[in-house]
Amino acid sequence: ERSVIAFEDIIYKSVQEQKLWKDIAGKEIKYVQDGLPNQDLVGAGIVQIAPDQQSRKDICALQYKLWKQYLRNEHTLVALFQRTAGTNWTTKQRLGHFFAYVVGVMAVTGSFYGIGSLNIVQSIL
């Protein structure tokens, strides 16, 4: 599946409403547009962008919203249940990654705690 930005008709407002704002890229754009104070001063430094207490609170709120959004897509367990449209992994890939993670944790735990086994089947069970 292609990224929403790769569509030729994304420049039309109707397509943006339909596809872009539900996608991960659209949510990032919306959060930055709504939450970043003094957008015309981007690149001038944090002191210029956030000169007062309220601006600094707005930036902290923006960082928190982006952190939550990225957590929904990149955390191994949370991404299984709260996936956003426009991400690169399918549900099957996410499940495979989660089970590989669990098996890896089990293998490392077993090796560090000295759980001995006679064969590979006993290691799994």
Side-chain angles (χ1 to χ4, degrees):
E1 187 174 317
R2 295 187 318 181
S3 171
V4 72
I5 298 175
F7 289 103
E8 295 83 12
D9 54 354
I10 198 65
I11 59 172
Y12 300 115
K13 185 137 182 86
S14 62
V15 177
Q16 285 180 0
E17 294 296 327
Q18 184 181 17
K19 294 181 181 175
L20 180 64
W21 302 125
K22 294 177 185 169
D23 191 73
I24 182 71
K27 289 185 180 192
E28 290 173 357
I29 292 169
K30 184 155 180 55
Y31 288 153
V32 171
Q33 283 178 346
D34 294 345
L36 188 63
N38 302 322
Q39 294 179 11
D40 54 327
L41 296 176
V42 170
I46 193 73
V47 175
Q48 297 294 323
I49 293 174
D52 58 351
Q53 185 80 14
Q54 184 59 42
S55 298
R56 287 189 286 269
K57 285 182 181 179
D58 291 343
I59 289 178
C60 287
L62 169 66
Q63 288 294 324
Y64 179 70
K65 287 179 184 178
L66 289 172
W67 176 78
K68 280 193 329 186
Q69 191 65 40
Y70 294 143
L71 181 70
R72 287 180 60 184
N73 290 308
E74 295 175 4
H75 190 274
T76 304
L77 182 60
V78 176
L80 287 174
F81 304 107
Q82 296 184 349
R83 187 173 73 111
T84 305
T87 57
N88 293 330
W89 285 26
T90 64
T91 303
K92 290 179 184 178
Q93 289 172 325
R94 290 174 188 272
L95 281 170
H97 185 259
F98 174 70
F99 287 124
Y101 171 75
V102 169
V103 169
V105 167
M106 288 172 28
V108 169
T109 301
S111 67
F112 277 114
Y113 288 111
I115 298 174
S117 62
L118 300 175
N119 57 33
I120 190 75
V121 175
Q122 289 179 341
S123 296
I124 295 172
L125 300 174

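Everything numeric here is computed off the predicted structure, so don't read it as measured data.
- Atoms NZ and CG, on Lys57 and Leu62 in that order, are 16.0 Å from each other to the nearest 0.5 Å.
- Smallest separation of non-hydrogen atoms from Tyr31 and Leu66: CD1-CD2, 4.0 Å.
- The shortest distance between side-chain heavy atoms of Val32 and Glu28 does not fall below 4.5 Å.
- Taking CZ of Arg56 as the reference point, atom CG of Asp58 lies at 11.0 Å (rounded to 0.5 Å).
- Residues meeting the side-chain contact (heavy atoms from CB on, under 4.5 Å) test with Lys68, sequence neighbours left out: Tyr64.
- With sequence neighbours left out, Asn38 forms a side-chain hydrogen bond (donor to acceptor under 3.5 Å, both in side chains) with no residue at all.
- In this structure, Lys65 NZ and Lys27 NZ are separated by 12.5 Å, a value rounded to the nearest 0.5 Å.
- We find the CD1-CG distance between Ile49 and Asp40 to be 9.0 Å, quoted to the nearest 0.5 Å.
- Residues Pro37 and Ser55 come closest through the heavy atom pair CG-O, 3.7 Å.
- Under a hydrophobic-cluster definition in which Ile, Leu, Val, Met, Phe, Trp and Tyr are linked whenever side-chain heavy atoms come within less than 4.5 Å, directly or via other members, Val103 and Val108 are assigned to different clusters.
- In the hydrophobic cluster analysis, where Ile, Leu, Val, Met, Phe, Trp and Tyr join through side-chain heavy atoms closer than 4.5 angstrom, Tyr70 is grouped together with Ile59.
- From Gln93, atom CD reaches atom CG of Leu95 across 10.5 Å, with rounding to the nearest 0.5 Å.
- A single hydrophobic cluster is not seen to contain both Trp67 and Leu36; linkage of ILVMFWY side chains at heavy-atom distances under 4.5 Å, directly or through other members, places them apart.
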